[in-house]
Amino acid sequence: NAGVTQTPKFQVLKTGQSMTLQCAQDMNHNSMYWYRQDPGMGLRLIYYSASEGTTDKGEVPNGYNVSRLNKREFSLRLESAAPSQTSVYFCASSESALGVLTFGAGSRLTVL
Amino acid sequence: GENVEQHPSTLSVQEGDSAVIKCTYSDSASNYFPWYKQELGKRPQLIIDIRSNVGEKKDQRIAVTLNKTAKHFSLHITETQPEDSAVYFCAASKGANNLFFGTGTRLTVIP
């Protein structure tokens with residue numbers, strides 16, 4: 001039982017490049033989330049998907065897009081990376097809207 | 001949206017002492033308050049949570065209290081151990097998948 005798996009673990013991009021962070025969960029959870037973690041800022045919600053086929057904006061969605069590919073997978077895309085998007089990104093899932101979040105191991109992204 | 005403030009940002013205690021971390025929230029409709037622990041370089045993990053119909057919850061050395069009138073909640077760790085050293089995050093939610101986190105407290109337990 002792997003829980004929540006996200007790739008890649010590390011990535012360095014140049015300003016303007018694009019990339020997609022992949023996330024998959026094997027717990028049959030309905031809800032999936034993308035957070036970013038910055039020093040002194042805690043965890044901020046970028047986008048979430050309450051169920052397969054739906055996605056909604058969180059606290060800091062600008063510059064990102066998401067796709068809920070199926071119940072297991074939820075990807076985060078940066079179309080044109082900016083230095084302000086340098087952060088650690090965490091994918092998470094939960095069984096329901098008020099359920100316990102299970103986090104992935106994180107992806108450290110640096111934009112030069 | 002919800003605004004969660006967390007204090008202190010850093011906390012050092014001697015092993016065996018108690019640690020208290022406090023959070024306030026702004027949205028009176030929030031009804032779910034979890035606490036997550038994040039060890040260095042690791043993912044956040046839930047350690048305890050409380051819902052608005054309960055004023056206090058305990059799990060061994062960890063307890064959380066909630067004051068809905070004052071809109072604040074606290075994490076209490078008793079008999080601290082070195083393995084309690086980590087960053088702790090409080091959070092608040094009123095459902096709809098939107099959990100707002102505090103900025104974290106770095107707890108250091110000194111042996």
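Reminder, nothing fancy here: chain letters follow the sequence lines and each chain counts from 1.
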Interface moiety of B:Pro44 toward chain A, non-hydrogen atoms closer than 4.5 Å
both
Is there a side-chain contact between B:Phe101 and A:Leu45 (heavy atoms, below 4.5 Å)?
no
Heavy-atom neighbours of A:Gln17 CD exceed 12 at 6.0 Å
yes
Can you tell me which of B:Asn31, B:Thr103, B:Val4 forms the most heavy-atom pairs within a distance under 4.5 Å of chain A?
B:Thr103
A:Lys71, NZ: over 12 other non-hydrogen atoms inside 6.0 angstrom:
yes
Should we say atom CD of B:Gln60 is surrounded by more than 12 heavy atoms from elsewhere, each under 6.0 Å from it?
no
Which bit of A:Thr102 is near chain B, if near means a heavy-atom gap under 4.5 Å: side chain, backbone, both or neither?
neither
By salt bridge (Lys or Arg N to Asp or Glu O under 4.0 Å), which residues pair with A:Asp38, not counting sequence neighbours?
A:Arg36, A:Arg44
Within a strict 4.5 Å, meaning less than it, do heavy atoms of the B:Gln38 and A:Phe90 side chains meet?
yes
Between B:Tyr36 and A:Leu43, is there a side-chain heavy-atom distance shorter than 4.5 Å?
no
Do B:Phe89 and A:Gln37 pass the side-chain contact (heavy atoms from CB on, under 4.5 Å) test, and can you show the C-alpha distance, the side-chain angles, and the key distance before you say yes or no?
CA-CA 12 Å; B:Phe89 292 97; A:Gln37 184 174 33; 3.2 Å; yes
Examine B:Val87 and B:Val109 and state if one hydrophobic cluster contains both, with Ile, Leu, Val, Met, Phe, Trp and Tyr joined whenever side-chain heavy atoms are less than 4.5 Å apart.
no
In residues 45-53 of chain B, which residues are in contact with chain A at a heavy-atom separation under 4.5 Å?
B:Leu46, B:Asp49, B:Arg51
Rounded to the nearest 0.5 Å, how far apart are CG of B:Asn98 and OH of A:Tyr33?
9.0 Å
Other residues, nucleotides and ligands only: do more than 12 of their heavy atoms fall within 6.0 Å of CG on A:Leu112?
yes
Identify the heavy atoms of A:Gly104 and B:Arg43 that sit nearest to each other, and give their distance.
O-CB, 3.1 Å
Tell me, for A:Val4 versus chain B, whether the close heavy atoms (under 4.5 Å) come from the side chain, the backbone, both or neither.
backbone
Is it the case that one hydrophobic cluster holds both B:Tyr32 and B:Tyr25, taking links as side-chain heavy atoms less than 4.5 Å apart, direct or via other members?
no
In terms of hydrophobic clusters joined by side-chain contacts under 4.5 Å, are B:Leu11 and B:Trp35 together?
yes
Is it true that B:Phe33 and B:Tyr88 fall in one hydrophobic cluster, defined by side-chain heavy atoms closer than 4.5 Å?
yes
I'd like to know whether CZ of B:Arg106 has more than 12 heavy-atom contacts from other residues, nucleotides or ligands below 6.0 angstrom.
no
Cluster check A:Val100, B:Ile62: I/L/V/M/F/W/Y, side chain < 4.5 angstrom:
no
